[in-house]
Amino acid sequence: QVQLVESGGGLVQPGGSLRLSCAASGSALSVDAMGWYRQVPGKQRELVATISSSGINYADSVKGRFTIARDNAKNTVNLQMNNLKPEDTAVYYCNVVVRVWATRSTDYWGQGTQVTVSS
């Protein structure tokens, strides 16, 4: 199994910035993708950004403001969030997609970190 530890959440004013980090621990991983999702109470978890060998995808609402990246060891994923808006307020979850079979992958999720954008 894979454990994901998130950090970097907090309270920030509109227009401010935060950087989320997620570290994956465990045995050597065959990672298909890493990314960030967010969820507001009463709503479905939604994609924020993902990064894989296929490229990078962003939700339309964060394009131009958020940047996703992986470190050299590919065991962490970061989300740089700039020009934050109140609508970005949510619990942010790190996601790692691990290849477990030739044709199947399993999603692992972090514990979630609160991001609050407010004056």
Side-chain angles (χ1 to χ4, degrees):
Q1 296 185 9
V2 177
Q3 297 293 123
L4 305 179
V5 180
E6 303 177 16
S7 63
L11 175 65
V12 66
Q13 296 182 10
S17 298
L18 285 173
R19 183 173 182 268
L20 304 183
S21 296
C22 174
S25 63
S27 300
L29 305 175
S30 180
V31 176
D32 285 347
M34 306 183 77
W36 291 91
Y37 294 70
R38 65 188 182 187
Q39 187 169 24
V40 176
K43 297 184 178 180
Q44 293 292 315
R45 191 170 300 180
E46 65 177 1
L47 179 148
V48 177
T50 60
I51 183 169
S52 71
S53 61
S54 299
I56 298 174
N57 293 313
Y58 294 101
D60 289 341
S61 60
V62 307
K63 287 181 179 178
R65 300 188 298 118
F66 290 11
T67 302
I68 189 170
R70 296 166 68 174
D71 74 351
N72 292 335
K74 298 184 178 180
N75 62 352
T76 64
V77 61
N78 303 315
L79 185 69
Q80 179 65 47
M81 305 185 293
N82 297 325
N83 192 24
L84 283 160
K85 303 176 179 180
E87 305 88 81
D88 297 317
T89 296
V91 177
Y92 284 69
Y93 295 91
C94 176
N95 169 258
V96 178
V97 182
V98 179
R99 177 71 58 176
V100 294
W101 301 103
T103 59
R104 189 179 74 179
S105 296
T106 297
D107 285 13
Y108 291 89
W109 296 92
Q111 79 282 0
T113 184
Q114 178 70 47
V115 171
T116 302
V117 185
S118 175
S119 298

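Worth knowing before you read on, the calculation uses all heavy atoms, side chains too, and leaves out hydrogens, waters and symmetry mates. Fair warning: this is a prediction, and the values are worked out from it, not measured in the lab.
In this structure, the separation between OG1 on T50 and OH on Y58 is 9.0 Å, given to the nearest 0.5 Å. The OG atom of S7 sits 8.5 Å away from atom CZ of R19, with the distance rounded to the nearest 0.5 Å. If you take CD on Q3 and OG on S25, they are separated by 5.5 Å, rounding to the nearest 0.5 Å.
Within the 3.5 Å criterion, the main-chain N or O of T89 finds no donor-acceptor partner in the side chain of T116. Looking only at distances, a side-chain donor or acceptor of E6 sits under 3.5 Å from a matching main-chain atom of C94. The backbone N or O of N83 sits less than 3.5 Å from a side-chain atom of R65, completing a donor-acceptor pair.
The only option from N95, I51, V77 that meets the side chain to side chain contact (heavy atoms under 4.5 Å, CB included) definition with W36 turns out to be V77.
Contact of the T113 side chain with the V91 side chain is not registered, since no non-hydrogen atoms from C-beta on lie closer than 4.5 Å. The shortest side-chain heavy-atom distance between Q13 and S119 does not fall under the 4.5 Å cut-off. Proximity of M81 to Y92: side-chain heavy atoms (C-beta onward) are separated by under 4.5 Å at one or more points. Annotation: side chain of I68 is in contact with side chain of I56 (closest heavy-atom distance under 4.5 Å). Side-chain contact between R38 and V62 is present, with heavy atoms from C-beta onward closer than 4.5 Å. Between T67 and L79, every side-chain heavy-atom pair lies at or beyond the 4.5 Å cut-off. Side-chain contact between V115 and L20 is present, with at least one heavy-atom pair separated by less than 4.5 Å. In this structure, T76 and M34 have side chains that are not in contact, with every pair of non-hydrogen atoms separated by 4.5 Å or more.
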Practice problem: Walk me through it: do V31 and V97 pass the test side chain to side chain contact (heavy atoms under 4.5 Å, CB included)? | Solution: CA-CA 6 Å; V31 176; V97 182; 5.9 Å; no
Quiz prompt | D88 and K85: CA distance, side-chain angles, deciding distance, salt bridge (Lys or Arg N to Asp or Glu O under 4.0 Å) verdict | solution = CA-CA 5 Å; D88 297 317; K85 303 176 179 180; over 6 Å; no
Practice problem: For Y108 and V98, run side chain to side chain contact (heavy atoms under 4.5 Å, CB included): C-alpha distance rounded to whole Å, both residues' side-chain angles, the deciding distance at 0.1 Å, then the answer. | Solution: CA-CA 8 Å; Y108 291 89; V98 179; 3.8 Å; yes
Quiz item: Yes or no on side chain to side chain donor-acceptor pair (under 3.5 Å) for Q80 and N78, after CA distance, side-chain angles and deciding distance?
Solution: CA-CA 6 Å; Q80 179 65 47; N78 303 315; over 6 Å; no
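Shown here for D32 and S52, the closest heavy-atom pair between the two residues is O-CB, 3.1 Å. Residue G8 comes nearest to L18 through the heavy atom pair O-CD2, 3.8 Å, listed as atom of the first residue, atom of the second, then distance. Residues A90 and Q39 share a closest heavy-atom pair of CB-O, 3.5 Å.
Y37 and W109 have their aromatic ring centers within a separation under 6.0 angstrom.
Figure legend: R45 and Y93 shown as a cation-pi pair, the cationic atom lying under 6.0 angstrom from the six-membered ring centre and within 45 degrees of its axis.
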